[in-house]
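Following: one structure in structure tokens, then a few remarks.
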Amino acid sequence: MASLCFSPSVLSCKIKPPITGFRKQRFSLFVCRAASLTFRDLDADDFRHPLDKQNTLLLRAIPGLNDIGKALLGTVSEQIMLLENIGTSVLVSENQLPELHYLMVEAARILNIEAPDLYIRQSPVPNAYTLAVSGKKPFVVVHTSLVELLSRKELQAVLAHELGHLKCDHGVWLTFANILTLGAYTVPGVGSLIAQRLEEQLLRWLRAAELTCDRAALLVAQDPKVVVSVLMKLAGGCPSLSDQLNVDAFLEQARSYDKASSSPVGWYIRNAQTRQLSHPLPVLRAREIDEWSRSQEYRSLLQRAMQVNSVQKI
């Protein structure tokens, strides 16, 4: 699950009513223009971050982790989480908040993945998260304050980020990690020291997984400034200031953070600062996605998508 927390004033979600005729057609064209390339043969390992690969292997190598997972991810726990989200949110569809439905469907098509259910939940904390329950269709939950904070392009990037979790099979691990970090201390036979080590490893994995999913967001947005803008707004944005925020200045801030933390003391402080976080710092995520957007790996994915799309149009 995502953890994108700061506390602006409580905001209401002002979504436009269902659109018909010309207005509906105009919106559909906007989404297609925002992301024209579709990655029809995309595999998760095509964009998975190296730290995600590394930490996933380390997590799977922990003795007894699967047994603990089975104890914590029981039917009752899953059902509680499922009913909690369904009972307190609005299910998005073609007839319910259709603009958001189109954004999700388009993002899923670009990433070559089946679109999960999407729920909008009233909350003053800008957040989005994914839940995968065994045997049931996964779903994404987006808070209303996040809808208010972001542009439609930025919101689609957030949806793509959540789809990245599903594309990379993070969904079950996300659910597992959130329950385990809360419940491991109460599982019979699991001492506090073991639980603490599991929590540290899971948080390390979660931070790496977020870097992968930021790449999924870029694959859909196909504009690094859109993804960086999301991170900037989550770090210190609000609707009334959004038109004054500067992506280039935020990237310069990220570079200054790297410079300030390059010394031995800075390195120690940086590790202490991030050790208990479920997400990397926003400036580090911005720097990572900016660098990947200029990499040969990303350019190769775009070129491959262009070739595949061209062949299928013939």
Side-chain angles (χ1 to χ4, degrees), residues 2 29-57 102-116 128 130 138 140 150-171 173-174 205-232 247-248 250-251 254 279-280 282 284-314:
L29 290 173
F30 159 75
V31 174
C32 292
R33 285 197 303 268
S36 56
L37 285 179
T38 300
F39 299 89
R40 302 181 189 277
D41 59 348
L42 184 68
D43 184 80
D45 285 336
D46 290 337
F47 63 93
R48 196 188 300 270
H49 195 281
L51 290 177
D52 185 4
K53 296 178 183 178
Q54 175 185 337
N55 283 283
T56 297
L57 291 175
Y102 298 143
L103 291 176
M104 172 61 88
V105 170
E106 182 73 6
R109 184 184 66 82
I110 293 168
L111 293 176
N112 193 30
I113 185 175
E114 181 181 355
T130 300
V140 173
L150 304 178
S151 70
R152 287 298 183 260
K153 288 184 180 180
E154 293 165 349
L155 184 58
Q156 187 176 52
V158 169
L159 297 177
H161 175 102
E162 297 305 321
L163 288 172
H165 284 305
L166 298 175
K167 183 75 175 180
C168 296
D169 291 326
H170 289 161
W173 284 94
L174 283 171
W205 171 82
L206 282 170
R207 290 192 294 271
E210 291 302 313
L211 297 177
T212 292
C213 295
D214 286 343
R215 292 181 172 191
L218 177 57
L219 290 176
V220 170
Q222 295 169 23
D223 180 355
K225 287 194 173 184
V226 172
V227 182
V228 174
S229 180
V230 172
L231 299 170
M232 177 177 59
V247 168
D248 293 326
F250 190 67
L251 286 172
H279 288 53
L284 297 181
R285 293 172 68 182
R287 185 254 293 155
E288 280 280 339
I289 205 63
D290 179 59
E291 290 181 353
W292 194 64
S293 72
R294 292 181 278 107
S295 70
Q296 182 58 45
E297 183 181 13
Y298 175 66
R299 289 196 295 268
S300 296
L301 283 173
L302 291 179
Q303 290 171 359
R304 194 176 79 187
M306 290 175 65
Q307 292 172 355
V308 171
N309 280 267
S310 297
V311 169
Q312 294 193 356
K313 286 180 180 178
I314 296 176

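- Side chain of N112 to main chain of R40: a donor-acceptor pair is present (N/O by atom type, distance under 3.5 Å, no hydrogens or angles).
- Ring orientation note: the planes of Y298 and W292 are tilted relative to one another, at an angle of 30° to 60°.
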Does the pair L211 and L284 meet the rule for a side chain to side chain contact (heavy atoms under 4.5 Å, CB included), with working shown?
CA-CA 9 Å; L211 297 177; L284 297 181; over 6 Å; no

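- No side-chain donor-acceptor contact under 3.5 Å links K167 to the backbone of A216.
- Listed here is the closest heavy atom pair of A221 and V227: CB-CG2, 4.3 Å.
- With sequence neighbours excluded, the residues satisfying side-chain contact (heavy atoms from CB on, under 4.5 Å) with S300 are Q296.
- Here R207 pairs with nothing under the side-chain hydrogen bond (donor to acceptor under 3.5 Å, both in side chains) rule; sequence neighbours left out.
- Scored by the salt bridge (charged side-chain N to carboxylate O under 4.0 Å, His left out) test, R299 finds no partners at all (sequence neighbours excluded).
- Partners of D223 under the salt bridge (charged side-chain N to carboxylate O under 4.0 Å, His left out) rule, at least two apart in sequence or in another chain, do not exist in this structure.
- The shortest distance between side-chain heavy atoms of P116 and L166 falls below 4.5 Å.
- Panel note: side chain Q222, backbone L37; a donor-acceptor pair is recorded below 3.5 Å.
- The backbone N or O of H49 lies less than 3.5 Å from a partner atom in the side chain of T212, making a donor-acceptor pair.
- By the side-chain hydrogen bond (donor to acceptor under 3.5 Å, both in side chains) test, D45 pairs with R48, sequence neighbours left out.
- Residues H279 and L206 have side chains not in contact (no heavy-atom distance under 4.5 Å, counting atoms from C-beta outward).
- Annotation: side chain of E288 is not in contact with side chain of P280 (no heavy-atom distance under 4.5 Å).
- The salt bridge (charged side-chain N to carboxylate O under 4.0 Å, His left out) test applied to E297 returns R215, not counting sequence neighbours.
- Between Q156 and the choices V230, L150, V220, the side chain to side chain contact (heavy atoms under 4.5 Å, CB included) rule is met once, by V220.
- Side chain of N55 to backbone of L51: a donor-acceptor contact under 3.5 angstrom is found.
- Side-chain atoms of E210 and H161 form a donor-acceptor pair, as typed in the model, at a separation below 3.5 Å.
- Residues S293 and D290 form a side-chain contact, since some pair of their non-hydrogen atoms from C-beta on lies under 4.5 Å apart.
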